[in-house]
Amino acid sequence: MVYKTSCLFLPLALIFLDFIIISSLAKPIPTTLINVLTYGAKADGSTDSTKAFLAAWQVACASVNPSTIIVPNGRFLVNNLVFQGKQCTDAPISIRIAGSMIAPEDYRVIASSEQWIWFESVTDVSIYGGMLDAQGSSLWNCKNNGGSNCPTGAKTLLFSGSSNININGLTSINSQKFHIVINGCNNVNIDGVKVSAAADSPNTDGIHIQASHSVSITNSRIGTGDDCISIGPGSTHLSIQGIQCGPGHGISIGSLGIAEDEQGVENVTVSNVDFTATSNGVRIKTWGKNSKSFARNIVFQHINMKMVKNPIIIDQHYCFYKPCPNQESGVEVSNVRYEDIHGTSSTDVAVNLDCSKEKPCTGIVMDNVNLALQLVNRPAQASCSNGNGLANDVVIPFAPCLKRDILMT
């Protein structure tokens, strides 16, 4: 009789245990909702809401449950914002922006700092939607008209020393300097963003990645006065896909090698990009001076060019600040693949591989590249110095420093 009771009790106990586990799993973790209006923000575009945004962040930062900061419809005027994460709990924080955050019209207000909106040392932060308008046009005019007292300007949105970051559906316009900067971060996903600034706006890179690991940029439209996307030293394992670029300076790796002991860039894939009327397409640029830096394991694939001045370029004699060093670059460029790249060049030289005599480019591979001159009845040209590698399938124009694959028929 004891044996039969035990046999009955064990299945009932297991069923009860399963019920407890399932119930605990099904119970949702509560989310703390934080509306910036609660802390005094005004959606009138003229009242300074800086303190209200910082107060909302402090509540989210201290929450032991996931929290969502809500920025409703309207225009919210904010000065420089610094969102610190060092004292936060481990709970995720989402920021959902229905309206716009705008900077003061006087560019000197936010230009007193190097960034307008700064997330420092945060983890598991996501931004959804909304618009950031830095109102930078007056600073551009100051710089373009040769003003002697123009400040450098503020980056619009900076994440530094952070991990597990998502930026989804955000629009950034009229930045004083770079629009979105990812510096010293890990595991970052940027999807569906729109970045816009005038074609003559100086140093307004769309997205700049530096010293960061595992960054994905997808399905975004970028048009600025500088690089659509720029990749700085110390960046590894980057995936860039589904980008519409133009106007602007294209997608650039570098500049690299301004410092001798600078870190390099490796394991980068740029895929499914449309370039329209940009000054460059896919570019690697390095300073002509001694350096231990490198750019390696780079793939540019499935790319369309339309009226692009320099569709494919490696520039190892780059110089932005005068006087130029006029040396050979020590940056080592290797294992760079160009695959399925088509379209038109607005200049005669569609492919320009200007590599270093000191460290010639190695492992360059071109496969199914076909670039023609825009509206001109003559073939495009290629220029190649100090580079070597292979040309597979159709490569037009043919770079003379590359060898035809001996397996081709």
Side-chain angles (χ1 to χ4, degrees), residues 23-45 47-103 113 115-134 155-172 179-193 212 214-218:
S23 297
S24 63
L25 290 174
K27 186 178 181 180
I29 300 173
T31 299
T32 303
L33 299 179
I34 305 159
N35 194 317
V36 294
L37 298 178
T38 304
Y39 299 91
K42 302 294 183 183
D44 56 12
T47 302
D48 185 356
S49 296
T50 305
K51 291 182 178 179
F53 276 76
L54 292 174
W57 172 260
Q58 289 302 319
V59 174
C61 177
S63 175
V64 295
N65 294 322
S67 56
T68 298
I69 297 174
I70 298 170
V71 182
N73 284 317
R75 290 167 55 83
F76 294 87
L77 176 67
V78 293
N79 293 331
N80 302 89
L81 291 168
V82 181
F83 299 118
Q84 285 278 357
K86 292 180 180 179
Q87 304 301 320
C88 293
T89 66
D90 293 330
I93 298 175
S94 296
I95 303 172
R96 294 191 174 272
I97 307 173
S100 302
M101 297 169 65
I102 62 172
S113 175
Q115 45 277 322
W116 176 28
I117 302 170
W118 182 10
F119 290 84
E120 183 181 21
S121 301
V122 301
T123 303
D124 291 321
V125 169
S126 299
I127 298 176
Y128 297 98
M131 178 181 287
L132 306 179
D133 183 359
K155 309 171 190 73
T156 288
L157 176 64
L158 167 66
F159 279 89
S160 66
S162 301
S163 59
N164 304 334
I165 304 303
N166 289 285
I167 302 173
N168 191 294
L170 178 70
T171 297
S172 175
H179 283 77
I180 299 171
V181 177
I182 306 299
N183 187 13
C185 296
N186 176 58
N187 191 24
V188 178
N189 291 291
I190 301 173
D191 180 69
V193 303
S212 296
S214 298
V215 179
S216 172
I217 306 171
T218 54

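Throughout, numbering of the chain's residues begins at 1 and tracks the sequence.
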How long is the span from the CH2 atom in W116 to the OG atom in S172, to the nearest 0.5 Å?
8.0 Å
Nearest heavy-atom neighbours spanning L170 and G130
CD1-O, 3.6 Å
For A103 and A134, the nearest pair of non-hydrogen atoms, with its separation, is CB-O, 3.6 Å
Could you tell me the separation between the CD1 atom of I190 and the OG1 atom of T218, rounded to the nearest 0.5 Å?
9.0 Å
With the side chain counted from C-beta on, respond yes when I217 and V193 share a heavy-atom pair under 4.5 Å apart, and no when they do not.
no
For S212 and G184, which heavy atoms make the closest approach, and how far apart are they?
OG-N, 3.2 Å
For L158, the option from V181, I180, I117 that meets side-chain contact (heavy atoms from CB on, under 4.5 Å)
V181
Is any side-chain heavy atom of F119 closer than 4.5 Å to a side-chain heavy atom of V125?
yes
d(D133 CG, F76 CZ) to nearest 0.5 Å is 14.5 Å
What distance do I69 atom CD1 and S126 atom OG have between them, rounded to the nearest 0.5 Å?
11.5 Å
Qualifying residue for side-chain hydrogen bond (donor to acceptor under 3.5 Å, both in side chains) with N187, from D124, T123, N164
N164
About how many Å separate CD1 of I97 and CD1 of I95, when rounded to the nearest 0.5 Å?
6.5 Å
Donor-acceptor contacts under 3.5 Å from residues 77-94 side chains, at least two apart:
| residue | atom | partner | partner atom | Å |
| --- | --- | --- | --- | --- |
| N79 | ND2 | D48 | OD2 | 3.2 |
| N80 | ND2 | I110 | O | 3.2 |
| N80 | ND2 | Q115 | O | 3.0 |
| Q84 | NE2 | E120 | OE1 | 2.4 |
| T89 | OG1 | S63 | O | 2.5 |
| T89 | OG1 | A91 | N | 3.4 |

Contacts table for residues 38-45: side-chain donor-acceptor under 3.5 angstrom, sequence neighbours left out:
| residue | atom | partner | partner atom | Å |
| --- | --- | --- | --- | --- |
| T38 | OG1 | N35 | O | 3.3 |
| D44 | OD1 | S46 | N | 3.0 |
| D44 | OD1 | T47 | N | 2.9 |
| D44 | OD1 | T47 | OG1 | 3.3 |
| D44 | OD2 | T47 | OG1 | 2.7 |

With side chains defined as the heavy atoms from C-beta onward, is the minimum distance between I29 and P66 less than 4.5 Å?
yes
Any heavy-atom pair between the side chains of L37 and P72 that's under 4.5 Å?
yes
Quick one: are F53 and V71 in side-chain contact, heavy atoms under 4.5 Å?
yes
Under a 3.5 Å distance rule, please check whether T171 uses its side chain to pair with a backbone N or O of M131 as donor and acceptor.
no
